[in-house]
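Encoded as structure tokens, the structure appears first; notes follow it.
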Amino acid sequence: MAQKITPASVDFSRWYTDVVQAAELADYAPVKGCMVIRPYGYALWENIQKALDQRFKATGHKNAYFPLFIPESFIKKEAEHVEGFSPELAVVTYGGGKPLEEPLIVRPTSETIINAMYAQWVRSYRDLPVLINQWCNVVRWEMRTRLFLRTTEFLWQEGHTAHATAEEAMAETLRILEIYRDFAENEAGIPVIPGRKSESEKFAGAVESYTIEAMMGNKWALQAGTSHFLGQNFAKAFGIQFLNRENQLQYVWQTSWGVSTRMIGAIVMVHGDDQGLRLPPRLAPIQVVIVPIWKNEEGRAQVMAMAENILSRLSQEFRCHLDDREELSPGYKFHDWEMRGVPLRIELGPKDVQKGQAVLVRRDLPREENRSSVAIDGLPTAVQDTLDAIQRNLYAQALRFREENTFYPTTYEELREAVAKGFALSYWCGSADCEAAIKEDTKATIRCIPLQQDGKPGQCVYCGSEAKEKAVFARAF
Ligand SMILES: [Zn+2]
């Protein structure tokens with residue numbers, strides 16, 4: 001029988017690991033801290049890649065590839081960067097049978113190696129902007145790992161851009177943040193809060209970091225993508241200079257930004273339930289599964305002929321699969337595809353074939369209300385409409401869940417209660433001391449200072465002094 005999934009209400013963390021493994025998204029690797037992304041999980045990642053890549057290219061970015069190894073001296077050139085990343089670096093000291101003259105860092109992120117190249121490529125304002133993205137793996141030595149959420153090696157995209165002015169670089173930072181928001185909400189069905197990171201939570205080496213934050217099924221936050229305004233920090237460290245129109249030598253202004261395989265963890269934790277995964281149709285590796293049902297040989301022949309006919313018609317527009325495994329019962333198959341989060345199931349029995357109809361079963365709705373009969377001739381339209389409805393409904397459910405679990409404390413006592421049960425949106429004075437005291441006491445961190453503010457000043461939820469902005473406080477993965 002299929003692997004049993006621990007109910008999320010009993011133990012969310014075990015539920016998560018059970019779902020990831022039972023649905024065959026990923027498995028633990030022989031190397032501690034590493035994971036194997038299995039074909040079903042990788043197909044999901046490929047769909048994430050396609051959706052993001054289209055958006056990057058539509059905004060003028062090009063893909064390139066830079067080396068996995070970074071000379072140790074490069075990492076040390078930007079002071080905050082090296083301080084932030086040092087504890088989690090993997091270092092190669094031996095190669096080709098002898099000690100290396102200079103140790104090589106296995107990239108934890110590629111600002112340093114990429115900017116060393118930009119320093120050679122950029123000469124004049126005509127070379128700008130540089131808009132490059134790379135899809136790759138990175139390594140950050142993690143002591144405690146969780147599949148997709150925190151692993152020593154993970155996959156991601158990292159964009160690195162260089163611009164003539166601070167304004168252009170800031171516009172790029174926010175353009176990418178908007179791409180991430182649009183992707184998360186419209187492809188992954190995950191409502192997010194776009195905002196700015198506090199000083200203590202920002203990327204090592206950035207001037208400002210921006211993020212999209214999402215609420216997971218246990219009401220904790222997950223950072224689902226980040227976009228950094230780097231100012232001239234790396235430009236000065238690596239000497240990336242250009243002659244402007246007035247023939248003056250200037251340093252470039254830069255950004256970097258990334259989304260990783262963590263996004264898969266977010267999809268699992270936002271949409272999944274006790275039956276397993278629920279995948280948003282736009283990203284699901286299989287959007288429609290056809291399950292034929294028969295009792296005897298005659299029924300089998302009729303049903304299979306029609307099922308194959310439906311498969312070939314629907315495959316032109318949708319990612320479809322016909323489950324023709326003979327040794328398994330329909331009930332087992334239903335359960336199996338529900339666990340794997342396939343958005344829509346088509347059931348087809350001998351009576352359906354006689355009536356010229358099929359039964360559609362939605363994964364996103366409760367059992368009592370998830371079935372409908374549709375004429376076979378009308379299937380392509382009905383499937384498209386139903387997938388669209390599922391996509392919208394998953395987003396709406398997640399948004400409702402976040403709204404129901406977001407609180408607006410005005411006193412510290414209320415904030416303490418709020419972060420134990422969800423997100424707290426409260427005024428914060430901007431002091432790192434208030435932020436640290438709240439974290440120490442409640443384990444909640446500032447997830448972001450939302451871009452959207454009502455513009456009215458208030459009092460800091462911790463110290464009571466004047467505050468211009470509200471921040472989202474929450475426990476986080
Ligand atoms: Zn304060």
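Read the numbers this way: they start at 1 and go in the same order the structure lists the ligands and their atoms.
A donor and an acceptor atom, one from each side chain of His160 and Ser256, are nowhere located under 3.5 Å apart. In the model, Arg107 has a side-chain atom that pairs as donor or acceptor with a side-chain atom of Asn137 under 3.5 Å.
Around the Zn ion (ligand 1), the protein contributes the following N, O or S atoms at distances under 2.8 Å: Cys429 SG, Cys434 SG, Cys460 SG, Cys463 SG.
For His61, the ring pair (Phe, Tyr, Trp, His ring centres under 6.0 Å) partners two or more places apart in sequence, or in a different chain, are Trp257. For Lys57, the salt bridge (charged side-chain N to carboxylate O under 4.0 Å, His left out) criterion is met by Asp53, not counting sequence neighbours.
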### Task
Please assess Phe203 against Phe85 for the test ring-ring contact (aromatic ring centres under 6.0 Å, His included), listing each intermediate value before the final yes or no.
CA-CA 10 Å; Phe203 175 74; Phe85 280 101; 5.8 Å; yes
Check: residues 393-401 side-chain donor-acceptor pairs under 3.5 Å, at least two apart:
{"from": "Asn393", "atom 1": "ND2", "to": "Asp364", "atom 2": "OD2", "distance (Å)": "2.7"}
{"from": "Gln397", "atom 1": "OE1", "to": "Arg278", "atom 2": "NH1", "distance (Å)": "3.0"}
{"from": "Gln397", "atom 1": "OE1", "to": "Arg278", "atom 2": "NH2", "distance (Å)": "2.7"}
{"from": "Gln397", "atom 1": "NE2", "to": "Asp364", "atom 2": "O", "distance (Å)": "3.3"}

